[in-house]
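Accompanying notes for the structure given below.
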Amino acid sequence: MKAGAEPLFQTIARLAAWNSVDTTKLIVDVDTGIDDSLALLFLLANAEAEILGIASTAGNVPAQQVAANNLAWLDLCRSPDIEVAVGSPVPLVIPLRTTEDTHGPQGIGHAVLPRSDRTVSSRSAAQLWVDLARENAGVAVGLVTGPLTNLALAVRAEPELPSLLRRLVIMGGAFNYAGNTTPTTEWNISVDPEAAKVVFDAFGAADRRPIVCALDLTETIAMTPDHVRRLAQRAGSAPEEAIAETDASTVRSQASNPVVRHFSDAVRFYMEFHRDHQQGFIAHMHDPFAAAVALDPGLVQTRPATVDVELAGTLTRGMTVADWAGMWGRRPNAEIACRTDPAAFFEMLIERVGAFAGRLYPGAGVPHKHRRRR
Ligand code: BDR
Ligand code: CA
């Protein structure tokens with residue numbers, strides 16, 4: 001049989017199997033962001049993930065840049081139309097602080113993605129949350145990998161929102177663990193502590209508790225250059241993808257596969273950042289991990305707790321405080337992820353994103369610098 005000539009019965013069986021995959025409908029809220037980028041790639045790579053809409057939240061970079069990054073990744077992944085909404089330009093109360101030193105001038109490290117011709121939605125990110133949650137009541141799974149600004153605005157507009165969602169997964173906070181922005185405070189919460197409090201308070205009254213993936217666990221999700229090499233290999237990209245700690249920061253990927261090439265350039269920046277902050281030549285993949293939990297909560301063991309956010313502390317503002325023992329006399333409003341298997345997570349990530357990149361660009365076996373421009 002000639003390559004590519006699949007018998008009709010096989011095609012029908014394949015499509016039937018594809019359709020029979022249980023899909024998870026997701027509302028995704030990101031501040032893209034290097035690790036947010038991989039969270040998006042991971043979800044796009046998963047047949048069981050159906051992204052209903054993407055909220056672009058100001059955080060790592062301003063909201064407009066987050067939206068531009070989201071649209072550009074959708075293009076690179078040849079994704080069908082997915083609505084991308086722009087969020088509030090500022091947190092609820094305080095001015096916006098961004099972190100280009102962590103995520104690069106445009107939020108995607110050293111990567112430079114072609115600007116997309118896709119356009120952003122005419123509705124706000126908060127309205128997107130409200131509308132999609134109402135239209136998909138009891139079905140939609142929320143995932144937030146940035147500050148909680150737009151979800152807080154949505155909760156204010158629709159107080160039933162916590163009960164409308166099937167599940168919510170939040171990347172944020174630090175419990176019994178040092179912060180990464182101040183000694184006590186994690187970045188996503190620190191950007192908009194008031195919003196975080198609105199969201200945690202709202203879930204105090206709801207039946208469903210969000211799963212919180214905090215630094216305690218997400219800092220065990222450490223991507224190494226070898227993970228990137230294996231992902232590239234799985235995509236069929238050439239030459240071998242070798243990010244070296246000794247490389248000058250001007251070195252760029254020559255990967256033949258465009259997804260691998262851009263992701264590698266993005267993550268190289270993140271590894272340099274972690275190295276420069278004495279964390280080793282690795283990159284913590286907070287957000288892809290939260291994305292994986294949104295699809296499969298079985299990846300983590302959780303513990304219930306009542307979570308509140310410190311707003312008044314002069315040294316501890318933005319700290320997430322967990323009452324594990326009911327000392328406040330308030331019902332638990334969160335399930336804090338406390339155990340996982342990082343190696344198993346990376347195996348799945350490499351397999352799914354690598355295979356996806358290979359499917360998207362099947363002919364990309366020739367190293368990038370040897371390709372002729374047409
Ligand atoms: C979180 O902060 C951001 O910089 C990352 O994208 C992640 O969502 C980790 O603290
Ligand atoms: Ca993020």
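Computed from a predicted model, the values in this text were never measured in an experiment. Counting starts at 1 for both ligands and their atoms, following the listed order.
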Give me the nearest non-hydrogen protein atom to [atom] as residue plus atom name, then the distance to 0.1 Å.
{"atom": "atom 2 (O) of ligand 1", "result": "W187 CD1, 3.2 Å"}
{"atom": "atom 6 (O) of ligand 1", "result": "D35 OD1, 2.5 Å"}
{"atom": "atom 8 (O) of ligand 1", "result": "D287 OD1, 2.7 Å"}
{"atom": "atom 1 (C) of ligand 1", "result": "E186 OE2, 3.3 Å"}

Practice prompt. Please work out whether the ring planes of F345 and F42 are parallel, tilted or perpendicular, with thresholds of 30° and 60°.
Written response: tilted
Worksheet item: How are the rings of F273 and Y270 set to each other: parallel, tilted or perpendicular (split at 30° and 60°)?
Response: parallel
Is a salt bridge present between [X] and [Y], judged by a nitrogen-to-oxygen distance below 4.0 Å?
{"X": "E241", "Y": "R229", "answer": "no"}
{"X": "R208", "Y": "E335", "answer": "no"}
{"X": "E160", "Y": "R134", "answer": "no"}

When you look for heavy atoms under 4.0 Å from ligand 1, do you find them on the side chain of [X], its backbone, both, or neither?
{"X": "H284", "answer": "neither"}
{"X": "N180", "answer": "side chain"}
{"X": "T218", "answer": "neither"}

Worksheet item: Quick one: does V228's side chain get under 4.5 Å of M271's, heavy atoms only?
Response: yes
Worksheet item: Do the side-chain N and O atoms of T57 and N150 include a donor-acceptor pair separated by under 3.5 angstrom?
Response: yes
Discussion item. Any donor-acceptor pair under 3.5 Å linking the side-chain atoms of Y177 with those of E186?
Written reply: no
Item to complete: Give a yes or no on whether T32 keeps an N, O or S atom under 3.0 Å from the Ca ion (ligand 2).
Response: no
Worksheet item: Out of curiosity, is T102 lining ligand 1, as in a heavy atom under 4.0 Å away?
Response: no
Worksheet item: Does an N or O from T99, backbone or side chain, lie closer than 3.5 Å to an N or O of ligand 1?
Response: no
Discussion item. So, of the N/O/S atoms that D31 has, which is the nearest one to the Ca ion (ligand 2)?
Written reply: OD1
Discussion item. If you round to 10 degrees, what value do you get for the angle at the Ca ion (ligand 2) between D287 atom OD2 and D36 atom OD1?
Written reply: 70°
